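Here the structure comes first, spelled out in structure tokens, and everything after it is commentary.
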Amino acid sequence: GAHNTSSVAGDGNWVYDTITLDSGWSGNAEFFSNPITTNDADWIDIWTVGTGRTTPPTVTDFGLAMQSMEVTTEDSHSSETLHYVVIERAAGTLVDRQGKNVSWRVDRTADTIQQYGSSNTVNHNLGQIPMWGLTDQLAMDGGNGGFANWEDSPFSFTTITPYIQEDAW
């Protein structure tokens with residue numbers, strides 16, 4: 001979906017717009033979001049949330065906003081269009097254009113993922129090394145903000161290693 005917003009969450013000001021999804025989703029949905037426009041030259045990130053800063057989104061409680069983290073000069077930002085993808089938790093195999101089987105998985109990590117180098121290793125059980133991955137932060141325990149990223153060489157035969165970066169600087 002797409003959502004236009006001027007809501008900017010930041011250190012101590014965790015606002016968000018409520019998004020209403022169509023019915024028919026199970027309770028096992030995952031959420032990814034990204035800005036699609038650049039109406040303002042200043043840096044900004046996106047966050048998805050449930051009923052509050054520390055609560056991940058659900059199919060009935062889904063919030064979306066831009067996020068400035070601790071960068072207070074970013075708390076005022078032009079409206080942007082944010083895209084979001086909601087997908088059911090699942091795993092399977094697709095066949096690519098060359099006829100090769102490609103395993104995939106949509107899942108959620110444990111509640112706490114910490115900064116770079118904190119051994120945030122998560123088992124994926126694909127039985128092969130992933131070629132790429134998506135990561136997004138769905139809630140935050142710390143009150144300063146942050147965004148999800150991947151460690152150097154984040155994929156192994158059985159694990160992935162994400163981390164949280166607290167500032168853009």
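Just so you know, these numbers come straight off a predicted model, no measurement behind them. We use all heavy atoms of the structure for the numbers below, so side chains are in, but hydrogens, waters and symmetry mates are not.
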Minimal non-hydrogen separation, Ile46 against Ser33, with atom names: CG2-OG, 3.2 Å

Backbone N or O of Gly50 within a donor-acceptor pair of the Asp61 side chain at under 3.5 Å? no

About how many Å separate CG of Leu21 and OG1 of Thr60, when rounded to the nearest 0.5 Å? 9.0 Å

Thr38 (side chain) donor-acceptor with Asp40 (main chain) under 3.5 angstrom: no

Testing the basics here: between Ile87 and Phe32, what is the closest heavy-atom pair and its distance to 0.1 Å? CG2-CE1, 4.0 Å

Testing the 3.5 Å rule here: is there a donor-acceptor pair between the side chains of Asp17 and His3? yes

Distance in Å, Ile44 CD1 paired with Glu80 CD, rounded so as to fall on 0.5 Å steps: 8.0 Å

In the structure I gave you, are the side-chain heavy atoms of Gln67 and Trp14 within less than 4.5 Å of one another anywhere? yes

Quick check: does any side chain N or O of Asn39 sit under 3.5 Å from a backbone N or O of Ser79, one acting as donor and the other as acceptor? yes

Output all residues satisfying ring pair (Phe, Tyr, Trp, His ring centres under 6.0 Å) with Phe62, sequence neighbours left out; order by chain, then residue number. Phe31, Tyr84

Under 4.5 Å between any side-chain heavy atoms of Trp104 and Leu94, yes or no? yes

Distance in Å, His83 NE2 paired with Asn34 CG, rounded so as to fall on 0.5 Å steps: 9.0 Å

Nearest-0.5 Å distance, OG1 of residue Thr48 to CD1 of residue Ile19: 10.5 Å

Residues which pass side-chain contact (heavy atoms from CB on, under 4.5 Å) with Thr55, listed by chain and number, not counting sequence neighbours: Thr51

Which heavy atom of Gly52 sits nearest a heavy atom of Tyr16, and at what distance? N-OH, 4.0 Å

Connected via hydrophobic side-chain network under 4.5 Å: Met66 and Ile36: no

Flag the pair Leu82 / Thr5 as yes when at least one side-chain heavy-atom distance between them is below 4.5 Å, and no otherwise. yes

In terms of heavy-atom contacts, Glu88 and Trp25 come closest through OE2-CE3, 3.1 Å

On a heavy-atom basis, which atom in Val8 and which in His77 lie closest, and how many Å separate them? CG2-CB, 3.8 Å

The test is side chain to side chain contact (heavy atoms under 4.5 Å, CB included); show your working for Asn101 and Val95 and say whether it passes. CA-CA 5 Å; Asn101 288 338; Val95 178; 3.5 Å; yes

